[in-house]
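Chain letters run A, B, ... following the sequence lines, proteins first, then strands; residues in each count from 1.
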2 protein chains.
Amino acid sequence: MRTPPQRGRRQGRTTSRELILGSARKLFAEHGYAATSLREIARDAGVDPAMVHHWFGGKEELFNACVELPADPAQVLGHVGELPAELRGEALLRALLTLWDSPAQPALLALLRNVTGSKAQAALIRQVLFKRMLALAMAGLPGSAAELERRGVLVASQMIGLMVARYLLRAEPLASAGHDELAALIAPVLQHYLTGPLPGTGSAVPGTGHG
Amino acid sequence: MRTPPQRGRRQGRTTSRELILGSARKLFAEHGYAATSLREIARDAGVDPAMVHHWFGGKEELFNACVELPADPAQVLGHVGELPAELRGEALLRALLTLWDSPAQPALLALLRNVTGSKAQAALIRQVLFKRMLALAMAGLPGSAAELERRGVLVASQMIGLMVARYLLRAEPLASAGHDELAALIAPVLQHYLTGPLPGTGSAVPGTGHG
DNA sequence: GCAGTAATTCACCATCTGATGAATTAAAGC
DNA sequence: GCTTTAATTCATCAGATGGTGAATTACTGC
C-alpha cells in the first residue's frame, strides 16, 4: 500500500501544456477572463496550478496563448478582396463561418467573450478586427474612405451580431443553421451594406468620385 | 489637530445608496461583473465596503439592482406591435435607440456586458430578450410561428450587433451617429428581416397561411 | 430631551487569488 | 552509468475578495 509516486516528471510524452491550453480555452470562453481562475483551469486539466506558470508564465500570457489564432485572418479573408464586388457579401460571410466552425473556434470564443468584456487588449483587438480584417474584405471597392469606413462598420455590426447570437447566446434557429441557410438569409444584407444604396451616398457603387 | 469624527451616521440627507448604485453601474459596465470588486465600487463611491452589504446584501443583489431597468420594456416597445407591418423596422430601431440614450443606459450597458459574459442570469435574460421583447415587436405579423421566430432572431442579431458596435466597442462612425442617420442606414435591413422575402418562405408578408 | 432606529465605519474572518522556490522524479546527452 | 536538463508537485507567500458583528454617530417619534 505504498502511495504511488506523485511528485516529479511523468513517464512518456508530456501533454500538460496542451491539456492546460484546452481547459483554459474552454473556461475562458465559458466564464470570461476575470471569472476564470488558474486553479480552476489546472483542476480541469488534471494538473498542478504551478504548471500553468511553468508553461506560460502567468494568467495574462496564458490568455494570450489561448487566443493566438491557429489560422491567419489574412489567409482566410485574402481571396475575398479579389472577388468582384457583388460576390463579396456571401464570400465574406462564408469565410467567417468557415473560420468559426474550425479548430479555431475555442480561441475565437474566448476572444469574443473578452472583446465585449473590456480587457486591456480589447483596444488592440478592435483595431485588428476593424482596420485590418475589414480593410482586406473591402479592398478595391469604389467610394471615398469615409464611405467605405461607414459601409465597413455596418458590415461588422451585422457580423458581430450574428456571431454573438449564434455562438455566444446560441439562439435558435441561428445556432444550428447550416452555412448555406445562413448565407441565404444574411449575405444579402451584407451585400447591401457593401455595395447597396446608402443615405448620404449618391448611388450604389458609383464608378467615379463621390459627388 | 483632532481627527474629525468618521464613524457614525452623517449629517443631512443620506446619498450612499445612490452613490453606490452609480459607481456600481459604471464599473460593472466598464469591467464586467467578475472583474469588479465590491471594494473598488465602495472606493469609487467614497464609501465603506460594508455599506454595500448594508444597502444591498451582497454582490449578486447589487448587480441585480444595477440592471433593474428604470423603464419597462413593454412600455417602450408596446406601441411598435400596433403599427402596420411596414413601419415596424424603423419604429423598433428608434425605440431601442431611445431606450439606450436615456437614463437607462448604464443599466443596459452593465446588462449587455454580462449577457455576452456568462453569468447564471444570462439564460433568464436571453429568454426575456428573445421571447418577450421580440414577441411584443412581432405581435400580429403574418406567418407561421417558426417563420416568425426566424425573422425575430435575425432582427435581434442585427440589433445586438448594432448595440455592441455602438455602445461596447464604440466603433465610429456608428458610435456618434444620430438616431436619424442610424434609422436611415439600418431600419431598411430590420424591415427586410421583418417582412421582406426570405429563403424558405414563399413570399413576403403572405396574407394567409404558410403554404 | 429622551429612547429607539437608521446610517456609517472599523476590525476582523475564512477563503481564494496569482505567484514563487524548493524538492522530486524522469528523460536526454554523452 | 553518470550528469545535466526538463517536467511535475508541494508548501507557502502576500494580497485581495466577499462577508459579518460590533461600535459610533445622527436623525425621528414622542
Side-chain angles (χ1 to χ4, degrees), chain A residues 2-25 27-28 30-67 110 114 117 119-121, chain B residues 2-25 27-28 30-67 110 114 117 119-121:
Chain A
R2 67 239 137 93
T3 33
Q6 295 204 315
R7 232 142 112 161
R9 186 168 182 163
R10 295 296 124 85
Q11 296 195 2
R13 205 175 81 70
T14 175
T15 56
S16 302
R17 212 192 117 97
E18 272 71 26
L19 287 176
I20 292 172
L21 256 185
S23 295
R25 284 219 179 89
L27 293 171
F28 279 145
E30 236 166 79
H31 312 320
Y33 178 82
T36 306
S37 74
L38 294 185
R39 295 166 135 88
E40 197 182 348
I41 292 171
R43 208 177 314 126
D44 187 273
V47 140
D48 190 276
M51 291 258 58
V52 177
H53 292 92
H54 178 59
W55 286 110
F56 298 93
K59 192 181 184 181
E60 195 75 28
E61 290 98 317
L62 172 59
F63 181 78
N64 288 340
C66 281
V67 299
N114 291 281
K119 285 234 8 58
Q121 249 187 346
Chain B
R2 66 241 137 90
T3 33
Q6 295 203 315
R7 230 142 114 164
R9 187 170 181 161
R10 293 298 123 84
Q11 296 194 2
R13 207 174 79 69
T14 175
T15 55
S16 302
R17 211 191 118 96
E18 272 72 25
L19 287 176
I20 292 173
L21 256 185
S23 295
R25 285 220 179 89
L27 293 171
F28 280 145
E30 236 165 78
H31 312 319
Y33 179 82
T36 305
S37 74
L38 293 186
R39 296 166 136 87
E40 195 182 351
I41 291 171
R43 208 178 313 127
D44 186 274
V47 139
D48 190 276
M51 292 258 55
V52 177
H53 292 93
H54 178 58
W55 286 110
F56 299 94
K59 191 181 184 182
E60 195 75 28
E61 290 98 319
L62 173 58
F63 181 77
N64 289 340
C66 281
V67 299
N114 292 281
K119 284 229 13 57
Q121 249 188 344

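- Which of dG21(C), dT17(C), dT8(C) sits closest to the side chain of Ala50(A) comes down to dG21(C).
- One interatomic measurement links the two molecules: CD of Gln11(A) to P of dA28(C), which rounds to 12 Å at whole-angstrom precision.
- Computed from coordinates, the Leu19(B) CG to dT8(C) C1' distance equals 13 Å when rounded to whole Å.
- If you take CZ of Arg7(B) and C1' of dA7(C), they are 13 Å apart, rounded to a whole angstrom.
- Rounded to an integer number of Å, the gap from Ile20(A) CD1 to dG18(C) P is 13 Å.
- Each of dA7(D), dG19(D), dA19(C) was ranked by its minimum atom distance to the side chain of Leu38(B); first place goes to dG19(D).
- DNA chain C is contacted by both Lys59(A) and Arg13(A); Lys59(A) maps to the nucleotide lying nearer its 5′ end (nearest heavy atom per residue).
- We find that OH of Tyr33(B) is positioned 8 Å from P of dG18(D), with the value rounded to whole Å.
- As rounded to whole Å, 12 Å separates atom P of dT8(C) from atom CZ of Phe56(B).
- Map Arg39(A) and His54(A) each onto its nearest nucleotide of DNA chain D; the residue landing nearer the 5' end is His54(A).
- What separates CG of Leu62(B) from C1' of dT17(D) is a distance of 15 Å, to the nearest Å.
- Nearest approach of Ala65(B) to Arg25(B), heavy atoms of both residues: O-NH2, 3.6 Å.
- One atom, CG of Asp48(A), and another, C1' of dA22(C), lie 13 Å apart when rounded to the nearest Å.
- With a 6.0 Å cutoff to the six-membered ring centre and a 45° limit on the axis angle, Lys59(B) does not count as a cation-pi contact of Phe28(B).
- Here the side chain of Met51(A) is nearest to one of dA7(D), dG18(D), dC10(D), namely dA7(D).
- Between the CD1 atom of Ile41(A) and the CG atom of Leu19(A) there is a distance of 12.5 Å, given to the nearest 0.5 Å.
- Atoms CD1 and CZ, from Ile20(A) and Phe56(A) in turn, are 5.5 Å apart once rounded to the nearest 0.5 Å.
- Between the base of dA6(C) and the side chain of Arg9(B) there is a donor-acceptor pair shorter than 3.5 Å.
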